[in-house]
Amino acid sequence: MNRVMLITGASRGIGAATARLAARQGYDLLLSYRQQAATAEALVAEIVAAGGNAHAVQADVDSEADVLRLFAELDARYGRLDALVNNAGMLERQMRLEQMDVARWQRVLNTNVIGTFLCCREAIGRMSSRRGGHGGAIVNVSSMAARLGSPGEYIDYAAAKGAVDSLTLGLAREVAGDGIRVNAIRPGLIDTDIHAAGGEPGRIERLKGSVPLQRGGTPDEVAEAILWLASEQSSYCTGTFIDVSGGR
Ligand code: NAP
C-alpha cells in the first residue's frame, strides 16, 4: 500500500513542487487549492500521466467547513494519512504596520495560523496511535519571516509564521507519544508568485545580495527538505526546524 500525503496549497509554487517530488517518491496524493482549479487539475494530470496517483480538492483552509470536507475526501479516497504538509499560506501588499487594519490581520492570521491549526487537528485525529491510527508526520511551512520580522513589508505575516513556529514546537511535544512527528521548514527567498502578491515581483532580485549564497532558492530545493521531514529518514526529528534560506 502506498503512503498517503495531503498537501495544502499545492496548485502552485512550493506546494506544487512538493507534490511532484512526493509523486516521484511513490506517495498517493491529495492536493488542495483555494481558487486556481485549472492549475491544480493540470498538475494532477501531469502526475497521473507519469504513473502517479493524485486528486485535487478546492478547500479554503480559513474555513472549518472546507477543511472538514477536505479530510472527508481524504477518508473516502484513501482511508489513511501518513503525512500532512501544511503549505497553504499567503501575504498581502507590503506596507508599514501603522497602515494596516484589523481585517487584514485577521485574513493573514486565518490562513496562515488557523488554517494550519485546523489541518493539524484533523490529521492528528486520523494519525494518532492512541486513537487507533498508525502514526504519521506533519510538516509545517513556516518562513524565515518568523525570525526576521519583515519590517516595512508584512509584520502581520511574520507574526503569523512566528505562531506557526510555536504551534510546531508545542504540538511536536504534545503528540510525540501518539506516534506523530511535527516539524517545520523556514524557506527564505523562494522564486514563486507570492512576492507579486506582496506587490513586488522583483523582490528576490532586490534582496539576493543579502543572501550569503547570493541567490534566491527554487521551490524544488524547498520540496527536498519537506520530503525528508515527512519521511522515515528523519525518524528521530520532531519539533525541528530546517531553514532553507541560503544562509539568510
Ligand atoms: P504561492 O506561489 O503564492 O502559492 C500559494 C498556494 O497556497 C497556492 O496553491 C494557493 O492556492 C494556496 N492558498 C493560498 N491561500 C489559501 C487558502 N486560504 N486555502 C487554501 N489554499 C490557499 O506561494 P508559495 O511561495 O509557494 O508559498 C507556499 C508556502 O511557503 C506558504 O506557506 C508561504 O508562506 C511559504 N513561504 C514562501 C516563501 C517564498 O519566498 N516563496 C518564503 C517563506 C515561506 P491558489 O493557487 O488556488 O490560489
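All ligand and atom numbering here is 1-based and tracks the order in the structure. Numbers here are sequence positions counted from 1.
- When only modelled atom types and interatomic distance are considered, D165 and S142 share a side-chain donor-acceptor pair under 3.5 Å.
- The pair D75-R126 meets the salt-bridge criterion, since a charged nitrogen lies less than 4.0 angstrom from a carboxylate oxygen.
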Could you list each nitrogen or oxygen of ligand 1 that sits under 3.5 Å from a protein nitrogen or oxygen, with the atom names and the distance?
unit_1   : atom_1 : unit_2 : atom_2 : d
ligand 1 : 9 (O)  : G9     : O      : 3.1
ligand 1 : 9 (O)  : S11    : N      : 3.3
ligand 1 : 9 (O)  : S11    : OG     : 2.6
ligand 1 : 11 (O) : S11    : OG     : 3.3
ligand 1 : 11 (O) : R34    : N      : 3.4
ligand 1 : 18 (N) : D60    : OD1    : 2.8
ligand 1 : 18 (N) : D62    : OD1    : 2.9
ligand 1 : 19 (N) : V61    : N      : 2.9
ligand 1 : 25 (O) : T192   : OG1    : 2.5
ligand 1 : 26 (O) : I14    : N      : 2.8
ligand 1 : 32 (O) : N87    : O      : 2.8
ligand 1 : 32 (O) : K161   : NZ     : 2.9
ligand 1 : 34 (O) : Y157   : OH     : 2.6
ligand 1 : 34 (O) : K161   : NZ     : 3.1
ligand 1 : 40 (O) : G188   : O      : 3.1
ligand 1 : 40 (O) : I190   : N      : 2.9
ligand 1 : 40 (O) : I190   : O      : 3.3
ligand 1 : 40 (O) : H195   : NE2    : 3.1
ligand 1 : 41 (N) : I190   : O      : 3.2
ligand 1 : 41 (N) : T192   : OG1    : 3.1
ligand 1 : 46 (O) : S11    : OG     : 2.6
ligand 1 : 46 (O) : R12    : NE     : 2.7
ligand 1 : 46 (O) : R12    : NH2    : 3.2
ligand 1 : 47 (O) : R34    : N      : 2.9
ligand 1 : 47 (O) : Q35    : N      : 2.6
ligand 1 : 47 (O) : Q36    : N      : 2.8
ligand 1 : 48 (O) : R12    : NH2    : 2.9
ligand 1 : 48 (O) : R34    : NH2    : 3.1

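- Among residues two or more places apart in sequence or in another chain, the side-chain contact (heavy atoms from CB on, under 4.5 Å) test is passed with Q94 by E153, Y154, E200, R203, R206.
- Remark: E174 pairs with L171 by the side-chain contact (heavy atoms from CB on, under 4.5 Å) rule, at least two apart or across chains.
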Salt bridge (Lys or Arg N to Asp or Glu O under 4.0 Å) evaluation trace for D66 with R69: CA-CA 5 Å; D66 279 19; R69 180 170 49 77; 3.3 Å; yes

Only distances under 3.5 Å count here; give the side-chain donor-acceptor pairs of residues 187-194 to other protein atoms, sequence neighbours excluded, each with its distance to 0.1 Å.
unit_1 : atom_1 : unit_2 : atom_2 : d
T192   : OG1    : I194   : N      : 3.2
D193   : OD2    : R12    : NH1    : 2.9

